[in-house]
Amino acid sequence: MYGKSCPAFRPASPGSRAGLRTVAVAALVAAGLGLAGCKKEEQAAEAPQPVRVMPVKTEAMTRSATYVGTVRARYESDLGFRVGGKITERLVNIGDAVAAGQPLARLDATDLALTREANEAELAAARSSLAQAQAAERRGRDLMERGHVSAAVYDQRKAALDEAQGRLDRAERNLAISRNQAAYATLAADNAGIVTALPVEVGQVVAAGQLVVRLARDGEREAVVAIPEARLADIRSARSEVELWADARRRYAARLREISPQADTATRTYLARFAIDSPDSAVGLGMTATVIASFGTGAGAEVVRVPSTALINDGRGPAVWVVDAEAKRVQRRPVEFLSFGQHDVLVTRGLSNGERLVTLGVHVLDERRAIRVVEERPPVKLAADQAPAAN
């Protein structure tokens, strides 16, 4: 029944007390032997350890540097009224999206309206004066042609006509200016964008040109960071990407657009602007952004980027589990690593291209037990922007 022979025993004569004791002892021994046989069979039939593996792929090692900054719009406009006055309306709030031509704020236009009315009256008077001067010039010309007045008298009337024409031109221009100033009492957005600053309130008196609304235009987004002078030579030829602190799993390709020609007097760094290629809605203005600039080492060094879940350290140094050729056992492999990332580890020694690496459950594996591969993932692609920075 249990796959093992039990020791024979000779029962005593039936009905005797010694016989009953012998039967009981024999039953207990048989039960114990049977349970021991079951345990041995269970151990022999122990299931293989399920593991998840990935193939090892070496990549050329690069050095990189990271710079933390903020996301800004490429074009930011500081909008202000072109005339001074008292603010009576503020039509937007910080964070509002506005369209081109949309009103943002208004001034008290009472004085501007009075100025326009005065210029309109001045224009009417100039037109009346011009009509009188034209009539006087025509009469003087007729009288001069008939010989009733001298040429000097006609010249006076001609000069009066020219002066009246000049008054009319001046009045027309003054009226146009006053009309424009009346229109300037309403501050409108010159482009579509997002309001990022509103340093004024209703009731405040502002001067012409004073900042009222800061508008970040729609479209291009940039990461603005400070670059130390020791990195200026490398940063111009580096391959750059941008990572958002809000979502470190995503990367955006970027390119250096401009570097300030002069260092900041306080920090002695140079302001650099990296244009973000194809930004989506996740790239918000003011977000913390990390620019990762990668440079090739040119030395032929190679590294392997493995998940941090594959690394073990049981007191004998860092190691990983590598699947043998037959995929029936795992072997402990000591490794040397260069740096830790947020999710990955850079291994410089101990792994070869094409080997298979256990990536999950490494702390419960036993190299004496068989394994069963339940999932095999592609190799982790080495991201140059996460490579260690060479200082």
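From a predicted model like this one, the values you see are computed outputs, not experimental measurements.
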Above 12 or not: heavy atoms from other molecules or residues under 6.0 Å from CD of Glu163? no
Mind checking what makes side chain to side chain contact (heavy atoms under 4.5 Å, CB included) contact with Asp277, not counting sequence neighbours? Ala253, Arg255
Given side-chain hydrogen bond (donor to acceptor under 3.5 Å, both in side chains), test Tyr154 with Glu137 step by step and report yes or no. CA-CA 7 Å; Tyr154 172 74; Glu137 188 271 338; 2.6 Å; yes
Quick one: does Leu357's side chain get under 4.5 Å of Val306's, heavy atoms only? yes
Is it true that Glu243 and Arg249 make a salt bridge, defined as a side-chain N closer than 4.0 Å to a carboxylate O? no
State plainly whether the residues Arg333 and Glu355 are in salt-bridge range, i.e. N to O under 4.0 Å. yes
Distance-only polar pair, side chains of Tyr75 and Asn191, donor-acceptor under 3.5 Å: no
side-chain hydrogen bond (donor to acceptor under 3.5 Å, both in side chains) for Asp264 and Tyr270? Distances and angles first, verdict last. CA-CA 6 Å; Asp264 184 88; Tyr270 292 79; over 6 Å; no
Pro318 side chain reached by Phe337 side chain, heavy atoms, under 4.5 Å: yes
Any chance you could measure Arg138, atom CZ, to Arg157, atom CZ, to the nearest 0.5 Å? 12.0 Å
Donor-acceptor contact present, side-chain Trp245 to main-chain Ala289, <3.5 Å: no
I need the minimum non-hydrogen distance between Gly101 and Ala188, along with the two atoms involved. O-CB, 3.8 Å
For Ala272 against Ile227, the heavy-atom pair lying closest together: CB-CG1, 3.6 Å
Between the side chains of Glu76 and Arg72, is the shortest nitrogen-to-carboxylate-oxygen separation below 4.0 Å, so that they form an ion pair? yes
Which atom names give the shortest non-hydrogen contact between Arg231 and Ala65, and what distance separates them? CZ-CB, 4.0 Å
Supply the atom-to-atom distance Phe81 CZ to Gln181 CD, rounded to the nearest 0.5 angstrom. 14.0 Å
Decide side-chain contact (heavy atoms from CB on, under 4.5 Å) for Leu285 and Ile194; before the verdict, give the C-alpha distance in whole Å, the side-chain angles of both, and the deciding distance to 0.1 Å. CA-CA 9 Å; Leu285 294 174; Ile194 299 175; 4.3 Å; yes
Identify which one of Val320, Asp314, Val322 satisfies the side chain to side chain contact (heavy atoms under 4.5 Å, CB included) criterion when paired with Arg332. Asp314
Drop me the distance from Asp344's CG to Leu311's CG, to the nearest 0.5 angstrom. 11.5 Å
Salt bridge or not between Glu367 and Arg329? Use side-chain N to carboxylate O under 4.0 Å. no
Residue pair Glu302 / Thr58: nearest heavy atoms and the distance that separates them: OE1-OG1, 3.3 Å
Carefully, step by step, assess Thr288 and Leu244 under the rule side-chain contact (heavy atoms from CB on, under 4.5 Å). CA-CA 6 Å; Thr288 301; Leu244 299 179; over 6 Å; no
Around Arg349, counting heavy atoms of other residues, nucleotides and ligands shown, do more than 12 lie under 6.0 Å from its CZ? no
Ala207 backbone acceptor or donor facing Gln210 side chain under 3.5 Å: yes
Are side-chain heavy atoms of Val213 and Thr196 found at a separation under 4.5 Å? no
Under the side-chain contact (heavy atoms from CB on, under 4.5 Å) criterion, do Arg356 and Val56 qualify, and how do the steps go? CA-CA 6 Å; Arg356 292 192 296 170; Val56 173; over 6 Å; no
Any non-hydrogen side-chain atom of Val242 less than 4.5 Å from a side-chain atom of Val283? no
Side chains of Pro48 and Arg369: closer than 4.5 Å at any heavy-atom pair? no
Through direct or indirect side-chain contacts below 4.5 angstrom among Ile, Leu, Val, Met, Phe, Trp and Tyr, which residues connect to Leu271? Val224
Please identify each residue that fulfils side chain to side chain contact (heavy atoms under 4.5 Å, CB included) with Ser178, with sequence neighbours left out. Thr115, Arg116, Asn119, Leu175
Which pair of non-hydrogen atoms, one from Leu232 and one from Ile235, has the smallest distance, and what is that distance? O-CG2, 3.3 Å
Taking all atoms of both residues into account, what is the closest heavy-atom pair of Leu161 and Leu130, and its distance? CD1-CD1, 3.7 Å
State plainly whether the residues Arg90 and Glu201 are in salt-bridge range, i.e. N to O under 4.0 Å. yes
Contact between Arg214 and Leu79 at the side-chain level, heavy atoms closer than 4.5 Å - yes or no? no
Glu145 atom CD, over 12 foreign heavy atoms within 6.0 Å: yes
Can you find a heavy atom in the side chain of Glu172 that is under 4.5 Å from one in the side chain of Leu123? yes
Approximate separation, where rounding is to 0.5 Å, of Arg239 CZ and Leu256 CG: 14.5 Å
I'd like to check Arg82 versus Leu187 (side-chain heavy atoms, cut-off strictly below 4.5 Å). Are they in contact? no
Taking Lys328's backbone N and O only, do any of them form a donor-acceptor pair with Asp324's side chain (distance below 3.5 Å, no angle check)? yes
